[in-house]
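Structure first, then comments.
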Amino acid sequence: MPFERTTEDAHLALTGRTLVVTSNGGGREERELADAAEVERVLADAFAIRLPEGTRLPE
């Protein structure tokens, strides 16, 4: 399931383990997240999504 969010500074998109950050100035950064723990951190920090305890993401 893809997640998207627009902030004052950028547009963020997370699909699977690929995070794309496009700044308002037009810069674009794409990176592959290392593991399920990093996906969970990005969901919490960048998208304000906290997964229910016990949720397991695919490795």
Side-chain angles (χ1 to χ4, degrees):
M1 169 189 295
F3 297 92
E4 294 190 35
R5 178 175 184 211
T6 300
T7 67
E8 288 182 23
D9 303 321
H11 178 81
L12 299 93
L14 177 64
T15 303
R17 284 197 189 161
T18 304
L19 176 64
V20 178
V21 179
T22 306
S23 72
N24 289 345
R28 184 176 191 271
E29 176 189 341
E30 182 173 332
R31 69 181 179 103
E32 194 73 17
L33 303 180
D35 54 25
E38 187 175 15
V39 171
E40 192 170 346
R41 280 192 303 276
V42 168
L43 284 172
D45 296 343
F47 293 89
I49 296 172
R50 304 249 185 262
L51 298 176
E53 189 152 338
T55 300
R56 296 186 53 100
L57 297 174
E59 291 295 324

*Would you say Leu33 and Val20 are hydrophobically clustered, going by side-chain heavy atoms of ILVMFWY under 4.5 Å?*
no
_Rounded at 0.5 Å granularity, tell me how far CD in Glu40 sits from CG in Asp45._
10.5 Å
*Output the distance between atom OG1 (Thr22) and atom CZ (Arg28), rounded to the nearest 0.5 Å.*
5.5 Å
*Rounded to the nearest 0.5 Å, what's the gap from CG on Leu43 to CZ on Phe3? Could you check?*
5.0 Å
*How about Leu51 and Leu57: do any of their side-chain heavy atoms sit closer than 4.5 Å?*
yes
*Work out which heavy atom in Ala46 is nearest to a heavy atom in Leu12; give both atom names and the distance.*
CB-CD2, 3.8 Å
*Which atoms form the tightest heavy-atom contact between Val21 and Ala10, and what is the distance?*
CG1-CB, 3.9 Å
*Minimum heavy-atom distance Arg17-Pro58, with the two atoms named*: NH2-O, 3.5 Å
*Give, for atom OG1 of Thr7 and atom CG of Asn24, the distance between the pair rounded to the nearest 0.5 Å.*
6.5 Å
